[in-house]
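Each ligand, and each atom within it, is numbered from 1 in the order the structure gives. Computed from a predicted structure; not experimentally measured.
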Amino acid sequence: MEESIYQFPQIFRRVHMEAPGDIEREVSFLKQLWRRHLKRPVRRVLDIACGDSPHGQILARDGTHVAGIDRSPTMIAAGRAAAAGIERLRFYRRRIEQFRLPEKRFDAAFFMSETFPIMTRNRDILTHLESVAALLMRGGIYCIDIDYQGDIELINARTLWRERTAQAGDVRVDIREYHRPIEWHEAMHSIYELECTIHFADRSVITRDVIPVRYITPPLMDLFARASRKFEMIAAYADLSFTRPIAQCYGRWLAVLRRL
Ligand SMILES: C[S@@+](CC[C@H](N)C(=O)[O-])C[C@H]1O[C@@H](n2cnc3c(N)ncnc32)[C@H](O)[C@@H]1O
């Protein structure tokens, strides 16, 4: 079986085109958003699909209690190593589709890195929202970061989308990204295939991740929230801005759900 890029936590950040300061900017936006939509201080936060929880590391160092969930033992191990000594940051190995935690309720939850659309089945989205709702206080805020999906075309054959190179320290990574075709009746927008050839000094490793992507726009997220009967969608912000109209979204948007 081919490996996944998530088995290489240090490298995946460069592959995902994360720039220095991106995570700090996201955390700062989340804090502003909580002040705007939550009338009480945020002391306990849930980080969904946290990976090594770079957001949680910043928040926990600032005094917030953070629990992160992720399915990848490698990402969690990297997070635990990076957060060594910060007791306020805890990791749990869980799947996002349905989970429970031995934790008190949280003031807020977030799902960053544009990963929510990998949940393509209606059932998974609803059990996910129920799982998050069970851990959030009434009035708590759930922020979901979603990629702008306005420019992807439907295709009939596996198609090379982009070829690029990333550098992670001394290691060069050749990246090929493909779109794969979908069945017309699927609740999906595309299937994204990420192939990375990682050139370590002594060997090369090829990773492949095949990621189904569901088309999610603000009205669809509003519908999911209503269908869950646990949330209402109260805002949608484009590109980490409180003022840019959603119609002018360039790269990503953030759904804000409130726990009923
Ligand atoms: C792009 S990374 C983002 C990690 C982190 N939030 C960040 O901003 O760096 C996506 C994460 O989602 C996790 N993931 C993907 N599918 C998952 C699932 N079904 N259940 C739990 N975690 C999942 C992966 O293991 C990976 O760590």
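Annotation for Arg40: atom CZ counts as buried by contact number, over 12 foreign heavy atoms lying within 6.0 Å.
Classified by interplanar angle (parallel below 30°, tilted 30° to 60°, perpendicular above 60°), the ring pair Phe224/Phe116 is tilted.
Residues that satisfy the salt bridge (Lys or Arg N to Asp or Glu O under 4.0 Å) test with Asp52, not counting sequence neighbours, are Arg13. Judged as a side chain to side chain donor-acceptor pair (under 3.5 Å), and not counting sequence neighbours, the contacts of His199 are Arg172, Asp174, Ser204. Not counting sequence neighbours, the partners of Asp62 by the salt bridge (Lys or Arg N to Asp or Glu O under 4.0 Å) test are Lys31.
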Check ligand 1 for N or O atoms under 3.5 Å from a protein N or O and list each pair with its distance.
unit_1   : atom_1 : unit_2 : atom_2 : d
ligand 1 : 6 (N)  : Ala49  : O      : 2.9
ligand 1 : 8 (O)  : Ser113 : OG     : 2.8
ligand 1 : 9 (O)  : Arg13  : NH1    : 3.1
ligand 1 : 9 (O)  : Arg13  : NH2    : 2.8
ligand 1 : 19 (N) : Glu97  : OE1    : 3.2
ligand 1 : 19 (N) : Glu97  : OE2    : 3.1
ligand 1 : 20 (N) : Ile96  : N      : 3.0
ligand 1 : 22 (N) : Arg71  : N      : 3.2
ligand 1 : 25 (O) : Asp70  : OD1    : 2.6
ligand 1 : 27 (O) : Asp70  : OD1    : 3.3
ligand 1 : 27 (O) : Asp70  : OD2    : 2.7

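By the 4.0 Å N-to-carboxylate-O rule, Arg176 lies too far from Glu193 to be salt-bridged with it.
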